[in-house]
Amino acid sequence: MATRKTMIKTCPSCGAFFNTDAYEVINASLDLALRDEVIWGRIFDFTCPSCGQHFRSPYSMAYKDMEKEYIIFLDLDETDGDSNESVIEKRLLAEQIAETRELFPSYRIRVVHDMMDLIEKIHIFSTGLNDKIIAYLGYKIKDDVTLKMKTAKPPIRVHKALFDSVKGKEGELYFGLISSSPKPIFVTTPTRDYEYLLKKSPLRHQFDEAEGLYQIDEGWAAGIDKVLIA
């Protein structure tokens, strides 16, 4: 079952403060309906009781899947980085990770700092893919598309490539790009690229699960690329 908490939210329209319920931990294996609420971001939607404004405001929480054996901590900087509250929150996250490792030693543990990254990880693990390989492919796709889009008029800036799904008879990997383009941009890459990285690439051991490595993102992928170049 999901566990809940009470938070204070600020309305972006009228500035009113109000208490509201939010989720502390969601167990997707026990509440499938909540999985869709997370995927669509609706658990982060609020309504101001003062002016009726609807707004989205992500918050820190954890998402767990007992069948796929993983837990994702969405860790957002909701306090002053140098404040005591920030130190307490970081300590709490470390304690949650340690507790998960003790109780569920086979779980993959991930820490993300953005709502879209949380949703992407759920898509990746639900498909049974290695998120390290997907993060690396997304990083390379972003770089490739960024170079191509520099000649566009006006130039299109690509912020991130996020895994969406596996589609088609050949099992192509679909990525959606978050960019300055007014139209959605999707890029596909064949599964043979994924299989090469998994089984034959000189980097393949970098994609193994490693204790203590919980933040798998574009920064991590860039570091792996430097290893290959070196």
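Because the structure is a prediction, the values reported are computed rather than measured. Numbers here are sequence positions counted from 1.
- Taking Ser57 as the reference, Lys9, Phe46, Phe55 meet the side-chain contact (heavy atoms from CB on, under 4.5 Å) condition, with sequence neighbours excluded.
- For the salt bridge (Lys or Arg N to Asp or Glu O under 4.0 Å) condition, the pairs that include at least one residue of residues 96-109, sequence neighbours left out, are Arg101-Glu211.
- A search for salt bridge (charged side-chain N to carboxylate O under 4.0 Å, His left out) contacts involving Asp31 returns nothing, not counting sequence neighbours.
- With sequence neighbours excluded, no residue forms a side-chain hydrogen bond (donor to acceptor under 3.5 Å, both in side chains) with His205.
- In the hydrophobic clustering of ILVMFWY residues, with side-chain heavy atoms under 4.5 Å counting as a link, Val166 and Leu197 come out together.
- Remark: Ala210 engages Lys132, Leu213 in a side-chain contact (heavy atoms from CB on, under 4.5 Å) (not counting sequence neighbours).
- Asp114 pairs by the side-chain hydrogen bond (donor to acceptor under 3.5 Å, both in side chains) definition with nothing, not counting sequence neighbours.
- Shown here are the side-chain contact (heavy atoms from CB on, under 4.5 Å) partners of Thr10, two or more places apart in sequence or in another chain: Phe17.
- Between Asp144 and the choices Lys140, Lys148, Lys142, the side-chain hydrogen bond (donor to acceptor under 3.5 Å, both in side chains) rule is met once, by Lys148.
- Legend: residues meeting side-chain hydrogen bond (donor to acceptor under 3.5 Å, both in side chains) with Arg42, ordered by chain and number and at least two apart, are Glu37.
- Side-chain atoms of Ile26 and Tyr23, non-hydrogen and from C-beta on, do get closer than 4.5 Å to each other.
- Listed by chain and number, the residues in a side-chain contact (heavy atoms from CB on, under 4.5 Å) with Pro190 are Arg192, Asp193 (sequence neighbours excluded).
- For the atom pair CG (Asp36) and CD1 (Ile122), the distance works out to 10.0 Å, reported to the nearest 0.5 Å.
- Applying the side chain to side chain donor-acceptor pair (under 3.5 Å) test to pairs two or more places apart or on separate chains, those with a residue in residues 62-73 are Ser29-Asp65, Glu69-Ser106.
- Members clustered with Ile71: Leu30, Met66, Phe73, Leu93, Ile97, Leu103, Phe104, Tyr107, Ile109, Val111, Tyr214, by chain and number, using a 4.5 Å side-chain heavy-atom cutoff among hydrophobic residues.
- Under the side chain to side chain donor-acceptor pair (under 3.5 Å) criterion, the residue pairs touching residues 149-166 are Asp117-Lys160, with sequence neighbours excluded.
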